[in-house]
Protein chains: 2
Amino acid sequence: MTELIRLLTRAQKLLRAAADDAMSRHGVRVGQNLVLEVLWETDGLTPGELAGRLRVTTPTVVNTATRMEAAGLLVRRRDPADGRLVRLHLTPKARAAQEPIEEARRRLAEHAMATLTDDERRHLRSALEKIIDRMSDHPLDLGE
Amino acid sequence: MTELIRLLTRAQKLLRAAADDAMSRHGVRVGQNLVLEVLWETDGLTPGELAGRLRVTTPTVVNTATRMEAAGLLVRRRDPADGRLVRLHLTPKARAAQEPIEEARRRLAEHAMATLTDDERRHLRSALEKIIDRMSDHPLDLGE
DNA sequence: TACGGATCGTTTGCATGCTAATGATTGCGC
DNA sequence: GCGCAATCATTAGCATGCAAACGATCCGTA
């Protein structure tokens, strides 16, 4: 079964590289895209909230946000009600990138799955969900 | 279909984190494990050869090898016949880690796939291979 | 009201990848 | 035999993740 994990890793790497390529055409790197996807839907989230939704640590979001701020994709605003919080707001530049990036993402996904039948896609989805559930609910116990 | 890519990414991330956890018990990080797997089989490869087998760039192997050298897992030796080449040789410490690490890897894989039937595993393997073939043979064309 | 624990974001340091630039060595062609 | 292009490894710089340490702010309690 270790072979299956290798295949999964390799497929994910190919997809990630292709996604990064596609996103880069629009001035967005693959990690930044994850932040954008959430903020397009709900602007003004805090780094901590974003980290929770992306299943990533807060420092990761903070660093990505800093790079995105430098790239002119978002701005930080202190929450007026709670001085500990920082709210991340997208710029018009980030909003303008939404349609082309989502389109690129859709095309990439269709391209990657082009040789899979609907049935194969369903099976793939189901298998991945089982693995995710398994690893989420029962993290590998290594003793002590 | 973009949902399928998200699932694949999430599953891979969970597996990688679990693998890193398991390997760390044996003083080896998940990236170093890839190098070990190849060198256990064929000792004395060059960084370039390793990079080719691992589908990773040469600088990545060089950096990983430097960390592994610092950790006492391997040594660099200049090739006597060709001064440009560097050959990576495992230390006894790295050989001693082989059995426990391979065992941990097997257990992790079995654990992650525990809720999948043989049929589901076959379908998963087949789908992943199709995606890999597709992305390898037909990299997404983005136009110029 | 003042203090101390809880809650955030940030900084720091590391591992893993990449691309581009650099440096050493080889080997072919003249 | 010499020089120059090809071939390697390495270095530098960046993006993405993590964990751990730190600093600021808030809030319940005494």
Side-chain angles (χ1 to χ4, degrees), chain A residues 9-10 12-24 27-37 44-52 54-71 73-88 139, chain B residues 9-10 12-24 27-37 44-52 54-71 73-88 139:
Chain A
T9 300
R10 208 169 133 206
Q12 196 271 341
K13 183 179 174 182
L14 285 168
L15 289 171
R16 183 185 175 93
D20 195 39
D21 241 48
M23 305 293 162
S24 293
V28 172
R29 299 299 300 268
V30 69
Q32 307 177 359
N33 174 56
L34 301 178
V35 171
L36 286 179
E37 275 177 18
L45 293 177
T46 67
E49 288 166 346
L50 261 167
L54 296 174
R55 299 165 205 283
V56 145
T57 63
T58 303
T60 294
V61 171
V62 167
N63 288 331
T64 299
T66 299
R67 282 189 291 267
M68 293 175 74
E69 197 169 28
L73 291 170
L74 58 76
V75 293
R76 282 177 159 90
R77 294 200 204 126
R78 211 89 220 176
D79 187 305
D82 187 338
R84 292 169 301 182
L85 303 182
V86 161
R87 305 218 160 261
L88 304 177
Chain B
T9 300
R10 208 169 133 206
Q12 197 272 341
K13 183 178 173 183
L14 285 168
L15 289 171
R16 182 185 176 93
D20 195 40
D21 241 47
M23 306 292 163
S24 293
V28 172
R29 299 299 299 269
V30 68
Q32 308 177 359
N33 174 58
L34 302 178
V35 171
L36 286 179
E37 276 178 17
L45 292 178
T46 67
E49 288 167 346
L50 261 167
L54 296 174
R55 298 166 208 283
V56 144
T57 63
T58 303
T60 294
V61 171
V62 168
N63 287 331
T64 299
T66 298
R67 282 189 292 269
M68 292 174 75
E69 198 170 27
L73 291 170
L74 58 78
V75 292
R76 282 176 159 90
R77 293 201 204 123
R78 212 88 219 177
D79 187 304
D82 186 338
R84 291 169 301 182
L85 303 182
V86 161
R87 304 217 161 262
L88 305 176

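Reminder, nothing fancy here: chain letters follow the sequence lines and each chain counts from 1.
- A:Leu50 has its CG atom 13 Å from the P atom of D:dG17, to the nearest Å.
- In this structure, CD of B:Gln32 is placed 11 Å from C1' of C:dC14, rounded to the nearest angstrom.
- Nearest to the side-chain atoms of B:Thr60 among the listed nucleotides C:dT26, C:dC18, D:dG17 stands C:dC18.
- The residue among A:Lys13 and A:Val86 whose nearest nucleotide of DNA chain C is located toward the 5' end is A:Val86.
- In this model, the phosphate group of D:dG17 is not approached by any side-chain N or O of A:Arg55 to a distance below 4.0 Å at OP1 or OP2.
- One atom, CZ of B:Arg29, and another, P of C:dT16, lie 6 Å apart when rounded to the nearest Å.
- Note: CG (B:Asp82) to C1' (D:dC8) measures 8 Å, nearest angstrom.
- The closest side-chain heavy-atom distance from A:Leu36 to A:Met68 is below 4.5 Å.
- One interatomic measurement links the two molecules: CD of A:Glu69 to C1' of C:dG9, which rounds to 13 Å at whole-angstrom precision.
- Summarising the geometry, the separation between CG on A:Leu88 and C1' on C:dC8 is reported as 13 Å, rounded to the nearest angstrom.
- Residue contacts for B:Val62: at a heavy-atom cut-off of 4.0 Å it reaches a base atom on one of the strands shown.
- At D:dT10, one or more side-chain N or O atoms of B:Arg76 fall inside 4.0 Å of OP1 or OP2 (strictly under the cut-off).
- The CZ atom of B:Arg78 sits 11.0 Å away from atom CZ of B:Arg84, with the distance rounded to the nearest 0.5 Å.
- Across all strands shown, A:Val30 has heavy atoms under 4.0 Å from sugar-phosphate atoms exclusively, and none from any base.
- A:Leu50 pairs in a side-chain contact (heavy atoms from CB on, under 4.5 Å) with only one of the listed residues (A:Leu45, A:Thr58, A:Val56), which is A:Leu45.
- The side-chain heavy atoms of A:Val86 and A:Arg77, taken from C-beta on, include no pair separated by under 4.5 Å.
- The CD atom of A:Glu49 sits 11 Å away from the C1' atom of C:dC8 (whole-angstrom rounding).
- Within the structure, every side-chain polar atom (N or O) of B:Arg67 is placed at least 4.0 Å from both OP1 and OP2 of C:dG17.
- Using a 4.5 Å heavy-atom threshold, the side chains of B:Val30 and B:Arg16 count as touching.
- Each of B:Gly48 and A:Asn33 lies near DNA chain D, and the nucleotide nearest B:Gly48 is the one positioned closer to the 5' end.
- Each of A:Pro59 and A:Leu85 was matched to the nucleotide of DNA chain C holding its nearest heavy atom; the match closer to the 5' end belongs to A:Leu85.
- Within the 4.0 Å cut-off from OP1 or OP2 of D:dC18, at least one side-chain nitrogen or oxygen of A:Thr57 is found.
- In this structure, A:Thr46 reaches the sugar-phosphate backbone alone: every heavy-atom distance under 4.0 Å involves primed, P, OP1 or OP2 atoms, never a base.
- Mapping A:Arg78 and A:Thr58 onto DNA chain D by nearest heavy atom places A:Thr58 at the nucleotide closer to the 5' end.
- Looking at heavy-atom distances under 4.0 Å, B:Val56 makes contact with sugar-phosphate atoms alone, never a base.
- A heavy-atom distance below 4.5 Å is found between the side chains of B:Arg76 and B:Val62.
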side-chain contact (heavy atoms from CB on, under 4.5 Å) assessment of A:Leu73 paired with A:Val28: CA-CA 9 Å; A:Leu73 291 170; A:Val28 172; 4.2 Å; yes
Might you list the N or O atoms of the protein lying below 3.5 Å from N or O atoms in nucleotides 2-4 of chain C, with each pair's distance?
none

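- At a threshold of 4.5 Å between non-hydrogen side-chain atoms, the residues A:Thr64 and A:Arg67 count as touching.
- Here D:dA19 presents its C1' atom at 13 Å from CG of A:Asn63, a figure rounded to the nearest Å.
- At the heavy-atom level, B:Arg87 lies nowhere under 4.0 Å from the strands shown.
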